[in-house]
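To keep things clear, I will list the structure first and then write my remarks on it.
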Amino acid sequence: MKRYDHKGIERKWQKIWASKGIFKTADAKKNSDNFYLLTEFPYPSGNLHVGHWYAFAVPDILARALRMQGKNVLYPIGFDAFGLPAENAAIKNKLNPKKWTYANIAYMKKQIVSMGASFDWSREVITADPTYYKWTQWQFLQLFKKGLAYQKETAVNWCPKDKTVLANEQVVGGKCERCDSIVEQKMMLQWNIKITDYADRLIDDLEPLDWPKEIKESQRNWIGRSEGAEIDFRLPIDTMKHVVILHSRGGTPDSDFIPWVKDELEKLGYTVEVPMLPNNTEPDDIEQSKYIAKNCTIDENTIIVGHSSGGLAAMRLLEKTKGGRLVLVGTPHNSVFADGKERASVSRSINRGYDYRKICSNVRDVIALYDSGDPIIPLSDGKAYAEKLGGIYIEGKGTIGHFNGDKEPDVLMAITPTLRVFTTRPDTLFGATYLVLAPEHPWIALVLTHCGLLTNEDEIGRYIALSKRKTELERLVDQKEKTGVKLDGVEAINPATGEKIPVFVADYVLATYGTGAIMAVPAHDERDFAFAKKFDLSIKNVIRPATLGFGPGGNYRSPTINESHENVHVYSGIGELMDSGEFNGLSGQAAKIAITERFGRKKTTYKLRDWIVSRQRYWGVPIPIIHCKKCGAVAVLDKDLPVKLPEVKDYLPEGSGKSPLAKVKTFVDTVCPKCCSKAMRETDTLDTFIDSSWHFLRYTDPKNTKEFASKKKMMNWMPVDLYSGGAEHTTMHLLYSRFWHKALFDLGLVDDHEPYRRRMNRSLILGPDGQKMSKSRGNVIDPDAIVAQLGADTVRMYLAFIGPYNEASSYPWNPDGVVGARRFLERVWRVGELVQKTDVSELTTLLHKTIKKVGDDIAAMKFNTAISQLMILLNEIEKQKKISTDQWATLLKLLAPFAPHMTEELWALAKHKSSIHTQEWPVYDPQLLQDATVTIMIQINGKTRGEIIVSSDADKATVEAKAREAMTSRMGGKSVTRTIVVPGRLINFVLEEKL
RNA sequence: GGGCAGGUGGCGAAAUUGGUAGACGCGCUAGGCUUAGGACCUAGUACCGCAAGGUGUUGGGAGUUCGAGUCUCCCCCUGCCCACCA
């Protein structure tokens with residue numbers, strides 16, 4: 001028999017498989033179920049590493065086995081081809097990113113083919129291809145049209161020297177990876193996607209998925225839902241005590257929030273006027289302003305509140321009259337000015353020739369409150385007023401859109417100086433002894449400065465500037481030492497106790513979480529405690545007295561209980577309200593609910609933030625938006641998709657933070673699809689996580705030019721039956737693509753609301769030294785070299801054997817171990833010489849056991865034990881020195897998914913005409929799994945004392961008699977009190993106690 | 001600090017889920033074939049013993065059980081992810 005020449009064999013069969021197209025997957029196959037096996041597609045970095053082998057070649061074993069077992073298996077691959085490395089290569093080596101990427105793809109494809117993986121290359125997907133990204137853009141626009149994509153000022157990492165935005169991975173230790181400059185935070189207008197709208201569904205829909213619980217758990221933690229309350233703390237520092245509220249078009253003094261807010265304000269000691277404005281269905285701002293001037297008291301201490309069109313009347317009024325504060329509630333507009341067209345009415349209203357400068361000089365401050373959930377008006381429109389008036393812009397949330405609800409807490413907050421906090425412990429409100437704002441607080445700090453009562457503005461300004469400069473790393477280091485500054489001259493009222501409490505700015509409070517402000521309860525929070533100790537603030541322990549049914553000391557964890565009690569004032573009962581009985585007898589949970597209802601509102605917050613998808617990069621999907629001065633951000637028309645990435649001369653960023661595309665005039669200049677006036681294209685590109693959020697859908701229908709994929713074809717395969725990939729994607733790709741799929745589902749574009757039925761995280765292959773492979777460590781294994789030396793089949797066998805695939809662990813690469821895998825294949829090769837015609841009955845039972853175990857283990861992704869069973873079989877064949885033709889065929893079939901090339905060759909040598917990979921998987925006979933004899937362990941008092949061999953059908957009595965006989969000499973004459981028999985395994989004699 | 005996953009020979013790991021711990025492979029030792037080599041063959045590879053046999057053993061400690069790597073409680077250690085999230 002000839003030598004096992006892996007090189008010749010592998011090359012030969014790879015060619016034949018490709019030319020015969022045996023791995024081309026039909027959309028459906030008669031009498032077989034479809035199975036969608038997905039593995040994460042690679043980034044075309046230019047070279048395949050061992051990790052890729054582990055990711056592609058090992059699941060290939062499952063793909064091949066499932067096919068032999070009669071499934072129609074889709075096992076596709078493609079390239080996640082957009083991304084930063086191509087652009088870096090372009091800048092560094094003056095290469096064209098497209099050429100660089102496609103050359104890498106061509107090379108890597110060859111490497112992947114060398115694995116013998118059964119990918120269907122006719123379904124290959126490349127995300128950088130215009131035929132693909134056309135649909136990425138189209139899907140983005142569907143989300144945009146649904147309001148799920150919006151622009152927002154967002155902080156980015158900015159390198160002041162390179163004048164460019166940096167990705168998180170380009171920031172190393174707070175410094176620019178390239179030039180070591182200290183990275184700054186810069187605000188830029190960026191596209192965001194409202195993944196937060198889906199937070200609840202992303203958590204709740206995890207439950208039924210067949211995913212490892214640790215992945216579910218980390219997604220839940222990442223989303224970080226916490227239930228708590230929002231509580232407003234009023235600041236009794238307002239000098240204006242008179243409020244005039246102007247109702248909206250179609251409104252009256254009794255409509256919407258007005259009666260409620262009037263009542264609340266009066267409770268706080270304000271006087272409130274609400275005129276019935278003339279001509280309320282077809283209002284005219286000039287007519288109304290005259291009416292107000294005549295009928296209402298307006299002076300420099302008046303707060304003028306205008307709801308919607310009431311805001312227009314207020315502005316007209318303040319052109320001529322001096323007032324105190326102007327509060328615009330909901331973007332002011334009047335659809336009368338635009339023939340009932342709500343959307344157009346905003347731009348018509350804003351451009352109605354108001355003298356904005358005059359209005360500004362006639363009031364002390366302006367607060368513009370907009371509803372982020374406004375059904376008609378985008379935030380950008382609302383913001384325009386704030387900009388023109390130089391006022392404070394507050395992005396609020398109406399209980400009903402445009403603040404048309406009966407109770408609108410945000411309106412009250414905008415009228416009176418108020419600090420809103422989020423807490424998960426409303427039940428400790430009685431112990432809140434100060435408030436803290438985050439330094440970067442978006443607007444609360446502004447509200448305060450406008451109140452004009454701060455006496456240490458400079459000090460606060462310095463502190464805020466300092467914390468802005470601090471990198472996240474520094475803040476982390478500073479964690480032990482709390483810092484902060486008191487707002488001198490400002491105090492807040494604890495709504496539960498009525499006490500005046502101080503207000504601080506401190507960087508231990510995060511602007512991005514909750515409301516960016518907290519109520520500090522030093523007795524029940526370690527951070528607040530540390531801060532209170534440092535600034536010598538009062539600490540009030542909230543105790544729930546046992547007499548009220550809370551149990552001793554309540555179940556509060558208190559960091560101060562065991563601390564020194566100096567400065568600790570123990571509150572008995574929870575304040576007067578408790579004494580008055582309102583909260584008597586409540587459990588902790590009930591107290592939470594009661595206090596929330598009495599002093600605040602129930603609120604759920606999430607750690608998850610909206611997904612920033614703008615990238616100031618060249619090598620990505622252009623965002624298909626056109627910016628028009630009149631119409632705002634407008635979607636590119638479907639017929640104009642894809643917006644193709646233009647060729648550019650140099651890939652350096654533009655300098656003001658925009659992408660290199662901003663330098664391409666022919667790209668930027670365009671016309672508005674709506675009004676046909678001159679307009680500019682968006683020059684940012686999309687985060688590549690969007691590309692990968694739907695690529696698995698494209699595999700089902702990769703050539704479609706009419707849709708991203710036809711529903712019918714998607715239904716053949718979706719949801720993905722098994723998705724195998726790396727643990728590093730748990731909270732990124734896996735969460736983004738789940739969100740994307742849900743968004744597509746809501747748009748009616750896909751039929752499932754979850755994309756992956758089962759997910760599996762694969763382990764990591766480490767270098768031989770047990771460390772992560774890296775060039776700098778010099779422990780990188782080059783798979784090509786090993787394939788050349790030992791063959792692809794050997795590498796496949798070794799990787800499958802290294803450890804269980806279905807556990808996210810890590811295994812060091814062992815060069816000797818690879819040789820062992822090769823040794824095994826050589827032995828199989830040589831066993832080919834022992835094939836003979838007559839049956840070898842000695843092998844029958846073991847062979848059937850092997851069929852069962854290999855099948856079971858592959859299904860469970862325990863390839864290591866499947867191989868060990870094949871080794872046991874091989875050992876026995878060598879011992880017998882013979883194997884029958886049929887048994888040989890069975891062995892080859894069992895081995896075929898693991899070593900596809902060698903088994904194909906041996907199969908051909910055994911004179912079979914068709915490919916082994918199209919054969920049916922062997923079936924075991926349950927009758928033949930049982931050995932003729934079994935070894936039974938004999939134990940005395942649970943200790944192994946011997947063994948007997950009995951025929952496998954021997955009954956209990958026979959086994960017991962035989963075992964007793966063997967053990968009599970050891971029992972020392974003691975009697976047996978109990979006998980335990982485990983059939984086929986052991987017999988245990990329990991002897992009487994020795995006295 | 002929080003969450004999750006783990007801890008079994010010299011190494012990678014098995015263990016029908018409470019029933020012979022260490023399958024299978026690597027490495028190592030001895031012997032064989034061979035001029036030599038090992039990607040060859042044979043045997044061995046926890047401890048004591050020539051053997052029969054005995055003893056020990058799954059990070060440590062306790063418990064449940066006829067019987068525990070597996071179940072319960074306490075402690076120790078390692079890895080990964082997140083981290084001033086109110």
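Chain letters run A, B, ... following the sequence lines, proteins first, then strands; residues in each count from 1. Computation of the quantities below employed the complete heavy-atom set of this structure, encompassing side-chain atoms and omitting hydrogens, waters and symmetry-equivalent molecules.
Counting to the nearest Å, the C1' atom of rG38(B) and the CZ atom of Arg822(A) are 14 Å from each other. Rounding to whole angstrom units, OH of residue Tyr811(A) and P of rG6(B) are separated by 11 Å. Rounded to an integer number of Å, the gap from CD1 of Ile938(A) to C1' of rG67(B) is 16 Å. Between the CE atom of Met732(A) and the P atom of rC80(B) there is a distance of 19 Å, given to the nearest Å. Between Arg220(A) atom CZ and rC4(B) atom P there is a gap of 11 Å when expressed in whole angstrom units. Straight-line distance from the OH atom of Tyr54(A) to the C1' atom of rG12(B): 11 Å, rounded to whole Å. Taking atom CG of Leu734(A) as the reference point, atom P of rC4(B) lies 19 Å away to the nearest angstrom. When rounded to the nearest whole Å, the span between CD1 of Ile231(A) and P of rA86(B) equals 14 Å.
Applying the 4.0 Å criterion to OP1 and OP2 of rA83(B), one finds that Lys607(A) has every side-chain N and O outside that range. OP1 and OP2 of rA86(B) both lie 4.0 Å or more from every side-chain N or O belonging to Tyr508(A). For Ser226(A), a side-chain nitrogen or oxygen approaches OP1 or OP2 of rA86(B) to under 4.0 Å. Phosphate contact (OP1/OP2 of rA15(B), side-chain N/O of Lys862(A), threshold under 4.0 Å): present. The phosphate of rA86(B) (OP1 or OP2) has no side-chain N or O of Arg425(A) nearer than 4.0 angstrom.
Looking at heavy-atom distances under 4.0 Å, Leu986(A) makes contact with a base. Within 4.0 Å (heavy atoms only), Gln939(A) reaches at least one base atom of the nucleic acid.
Side chains of Arg827(A) and Asn875(A): a donor on one and an acceptor on the other come within 3.5 Å. Under the 3.5 Å distance criterion, with hydrogens and angles disregarded, a donor-acceptor pair is assigned to the side chains of His901(A) and Asp793(A). Looking only at atom types and distance, the side chain of Thr483(A) has no donor-acceptor partner in the side chain of Tyr508(A) under 3.5 Å away. A donor-acceptor contact closer than 3.5 angstrom links the side chains of Thr865(A) and Asp857(A).
Ring planes of Phe689(A) and Tyr736(A): tilted class, angle from 30 to 60°.
Spacing between rA23(B) and rA15(B) at atom P, rounded to whole Å, works out to 13 Å. To the nearest whole angstrom, the two C1' atoms, one in rC24(B) and one in rU45(B), are 15 Å apart. Here the separation of rG79(B) from rA30(B), taken at their C1' atoms, is 40 Å to the nearest Å. For the C1' atoms, the distance linking rG53(B) with rA14(B) amounts to 28 Å, nearest Å. Nucleotides rC82(B) and rG10(B) place their C1' atoms 36 Å apart, quoted to the nearest Å. To the nearest whole angstrom, the two P atoms, one in rC73(B) and one in rU64(B), are 15 Å apart. To the nearest whole angstrom, the two C1' atoms, one in rU34(B) and one in rC40(B), are 10 Å apart. Only the C1' atoms considered, rA68(B) is 11 Å distant from rG63(B), to the nearest whole Å.
For Lys213(A), counting side-chain heavy atoms from C-beta on, the closest listed nucleotide (rA5(B), rA13(B), rC66(B)) is rA5(B). For Glu214(A), the side-chain atoms get nearest to rA5(B) when compared with the rest of rC66(B), rA5(B), rU20(B).
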Atom pairs, protein N/O to nucleotides 53-59 of chain B N/O, distance under 3.5 Å:
residue	atom	partner	partner atom	Å
rG54(B)	OP1	Arg970(A)	NH1	2.5

Give each protein N/O atom lying under 3.5 Å from an N/O atom of nucleotides 23-31 of chain B, with the pair distance.
residue	atom	partner	partner atom	Å
rC26(B)	OP1	Arg823(A)	NH1	2.4
rC26(B)	O2'	Asn814(A)	ND2	3.4

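Of the candidates Trp813(A), Phe824(A), Phe863(A), Trp813(A) is the only one forming a ring pair (Phe, Tyr, Trp, His ring centres under 6.0 Å) with Tyr798(A).
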Exercise for the section: Would you sort out whether Arg796(A) and Glu10(A) count as a salt bridge (Lys or Arg N to Asp or Glu O under 4.0 Å), showing the intermediate values? Expected result: CA-CA 13 Å; Arg796(A) 290 171 64 108; Glu10(A) 286 171 10; over 6 Å; no

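Within a 6.0 Å radius of NZ in Lys602(A), no more than 12 heavy atoms belonging to other residues, nucleotides or ligands are found.
In this structure, Tyr54(A) and Tyr811(A) have side chains that are in contact, with non-hydrogen atoms separated by less than 4.5 Å. Contact of the Leu873(A) side chain with the Leu847(A) side chain is registered, since non-hydrogen atoms from C-beta on lie closer than 4.5 Å.
For the pair Met937(A) and Trp222(A), nearest-nucleotide mapping onto RNA chain B gives the more 5' position to Met937(A).
When both pairing distances are held under 3.5 Å, rG6(B) makes a Watson-Crick or G-U pair with rC77(B). Under the Watson-Crick or G-U wobble criterion, with both distances below 3.5 Å, rC33(B) is left unpaired in every strand shown.
If you look at Tyr434(A) and Phe531(A), their ring centroids are closer than 6.0 Å.
Taking only distance into account, the side chain of Lys482(A) meets the base of rC84(B) through a donor-acceptor pair shorter than 3.5 Å.
Asp232(A) has a carboxylate O that lies under 4.0 Å from a charged side-chain N of Arg601(A), or vice versa, which qualifies the two as a salt bridge.
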